[in-house]
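The structure appears right after this line, and notes come after that.
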Protein chains: 2
Amino acid sequence: MAKEQRKPRRKGEGAGAAPARRASDRGRYGRLSRERMLASALELVDREGLSALSMRRLGAELDVEAMALYRYAASKDALLDGLVEAVHLQLEERLAAGPGSTPGTASVEAPAWRTELHRLARATYETCLAHPQVVPLLSTRMLAVPLARRPLAVLRHHERVLTLLQDAGLDATRSAATFRAFTGWVLGYVSVELQAMVDNPEEPDPSFRLGLHNMPHQELPRLREAATTLAERGGPEGLAAGLDALLDRFTRVEAERAHRPDS
Amino acid sequence: MAKEQRKPRRKGEGAGAAPARRASDRGRYGRLSRERMLASALELVDREGLSALSMRRLGAELDVEAMALYRYAASKDALLDGLVEAVHLQLEERLAAGPGSTPGTASVEAPAWRTELHRLARATYETCLAHPQVVPLLSTRMLAVPLARRPLAVLRHHERVLTLLQDAGLDATRSAATFRAFTGWVLGYVSVELQAMVDNPEEPDPSFRLGLHNMPHQELPRLREAATTLAERGGPEGLAAGLDALLDRFTRVEAERAHRPDS
DNA sequence: AGTTGTATATATACGTCGTAAACGTACAGC
DNA sequence: GCTGTACGTTTACGACGTATATATACAACT
């Protein structure tokens, strides 16, 4: 086929004619990139939720056919992992922007590795609150993707935590246990913090906002009464408090704890 | 239409003829029920994972057209909530089967409410390990479904935890904070416990099983080294240890904790 | 210049999904 | 018998993920 006939449809601006093609759209070369795609995906999910993220929709967002995305993500699952990665990259930025651990400044009661773990936890907390719609992915993908296949930024985060624990002098077993406690606590805390409570957003009265009126009355008296308090957030203080408690316990050097709470 | 002609297609066994209809299939009345549907769904998910659960597939599993399910679940999301409910019902069975809290037997160091919280946590842990594929739903639906709309079994579970905390003498604020800590810890711990680690199941060597050979070497030395230890489980002991630590902290009566770990 | 190779985006198509709407069919009570 | 209602089926539609084949734009080489 001849070359100058270049597809009259799709509002092309030929050599100087009218039909208004988008600026710097000549050709469709190099419009996309993995970064642009992930940024757009994250924005879309932040704006409209995870269920709004489809290949076609994201393509439309970027003025591109859905299939074009497959050049930058092997599958939709890979795209989701990309989102997880993007969030972890933002986490790294936040950590870099923060005050750092300023070694030598450790107060009497808190060694550097401990305050740094708190800094990590808090930065994770804040990053998650900034992208609440993505949080489900953090747990979901963690259960689906084996360690070695996780995005590099995630692995770097693991490495950071692990390094701090080992620098604290913990042996392999204990640092692994503490690692799991740290990871689990932060994830669980954030999930609870972001759990859906509000049922009817435009209702002014707190009880009605929560939709307590259509909860079984007799069967759930305490929950009904506690709901409004439960709907409040624990904030970063709660996160830090729990983390402190867990670190105290899991990094302790004593051998076996002798509590058998069951029976 | 006459009645004895009853649909020759679909392998019917008429009044004594051949084509072999399933036993007690005369008519298709009352084959389904919400219980049957949820049981089958849970079984299917346990067997083949969440992604295998579609209305059509579940219908086929029950020898029914997909649309028939909509009589027992208003939507697929409602079906997922039903799964969450089913798991919580199993949790209640497990609790009922267990030894109960036997009041008056509280040891010197552990009041009844505390050991009962441990029992709840442990039963949750075991139920989750019995249905690992459903665990993602626990976090996911908690983020999607507002409190008042959650399945009754879930709300009953909340009520139980809350009751224990209030019976321990905690005021509204503190019991809410402890409730969140409890919920978050159990959920987070289970998620970490179930996280995907194994990359190549049929590999005998632990390192190769984890797929460590295709992780960036230089950048992640500690993680690489710690991975095999990390792949081990914390078990119920880890769950109990963390829970103890959190309960100690969150139920303490002192006013404000004065730790500012960040800087 | 023209040719060729490769990176990039499109076009088309297939099977599956959730589910709205209309329809049949079996039982319960009259 | 007749009639209403609970139950399951049929059909259809639009959206989804993605395999495959194709068109286009740029770079490099001749």
Side-chain angles (χ1 to χ4, degrees), chain A residues 1-15 21-22 24-37 40-41 44-45 48-83, chain B residues 1-12 14-15 21-22 24-37 40-41 44 48-83:
Chain A
M1 317 305 185
K3 61 186 173 204
E4 71 250 285
Q5 173 231 21
R6 44 172 70 169
K7 284 256 174 178
R9 68 258 202 62
R10 195 179 255 329
K11 54 188 162 69
E13 48 123 25
R21 202 176 212 176
R22 183 142 313 116
S24 94
D25 197 336
R26 47 99 171 81
R28 64 266 207 161
Y29 197 82
R31 281 185 288 167
L32 269 184
S33 71
R34 186 172 158 85
E35 286 74 29
R36 249 171 67 66
M37 169 184 164
S40 200
L44 175 59
V45 169
E48 306 192 28
L50 263 182
S51 63
L53 180 64
S54 75
M55 303 305 272
R56 291 162 148 88
R57 184 90 161 68
L58 180 55
E61 208 86 0
L62 291 159
D63 251 319
V64 142
E65 298 301 314
M67 291 308 293
L69 301 172
Y70 282 84
R71 195 135 329 244
Y72 306 95
S75 66
K76 173 143 193 212
D77 274 356
L79 172 62
L80 295 180
D81 288 333
L83 268 184
Chain B
M1 316 303 186
K3 61 184 172 208
E4 71 249 283
Q5 173 231 22
R6 43 173 70 169
K7 282 256 176 175
R9 67 257 201 61
R10 196 180 254 327
K11 53 189 162 64
R21 200 177 211 176
R22 185 143 311 117
S24 94
D25 197 336
R26 48 101 173 76
R28 62 266 206 164
Y29 197 81
R31 279 184 288 166
L32 268 184
S33 73
R34 187 175 157 82
E35 287 73 30
R36 250 171 70 63
M37 170 183 163
S40 200
L44 175 58
E48 307 192 27
L50 263 182
S51 62
L53 179 64
S54 74
M55 302 305 271
R56 293 169 181 2
R57 185 90 161 68
L58 179 55
E61 208 85 0
L62 290 160
D63 251 318
V64 141
E65 297 303 313
M67 289 309 292
L69 302 171
Y70 282 85
R71 208 123 338 234
Y72 305 94
S75 66
K76 173 142 193 214
D77 274 357
L79 172 62
L80 295 181
D81 288 333
L83 269 185

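Reminder, nothing fancy here: chain letters follow the sequence lines and each chain counts from 1.
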Which residue pairs pass the side chain to side chain donor-acceptor pair (under 3.5 Å) test with at least one member in residues 49-60 of chain B, sequence neighbours excluded?
-> B/Glu48-B/Arg57, B/Arg57-B/Glu61
Which ones in residues 69-78 of chain A lie close to DNA chain C, meaning a heavy atom under 4.0 Å from one of its atoms?
-> A/Arg71, A/Tyr72
What is the distance from CZ of B/Arg56 to P of D/dT11, rounded to the nearest Å?
-> 13 Å
Kindly list each side-chain donor-acceptor pair under 3.5 angstrom involving residues 67-75 of chain B, sequence neighbours excluded, with atom names and distances?
from, atom 1, to, atom 2, distance (Å)
B/Ser75, OG, B/Asp77, N, 3.4
B/Ser75, OG, B/Ala78, N, 3.2

Of the listed nucleotides D/dT9, C/dG18, D/dT18, the one nearest the side chain of B/Ser54 | C/dG18
Gap between atoms CG and C1', on A/Leu80 and D/dC16 respectively (whole Å) = 14 Å
To the nearest angstrom, the CE-C1' distance between A/Met37 and C/dT8 comes to 15 Å
Only counting residues at least two apart or in another chain, list the ones meeting salt bridge (charged side-chain N to carboxylate O under 4.0 Å, His left out) with A/Glu35.
-> none
Atom CD of B/Glu65 and atom C1' of C/dA22 are separated, to the nearest Å, by 15 Å
Within a strict 4.5 Å, meaning less than it, do heavy atoms of the B/Met37 and B/Leu79 side chains meet?
-> yes
Separation of B/Leu58 atom CG from D/dG8 atom P, in whole Å?
-> 13 Å
Residues that B/Arg34 engages under salt bridge (charged side-chain N to carboxylate O under 4.0 Å, His left out), provided they are two or more places apart | B/Glu85
Rounded to whole Å, the CE-P distance (A/Met55 to D/dC16) equals 11 Å
Separation of atom CZ in A/Arg57 from atom P in D/dG17, rounded to whole Å = 12 Å
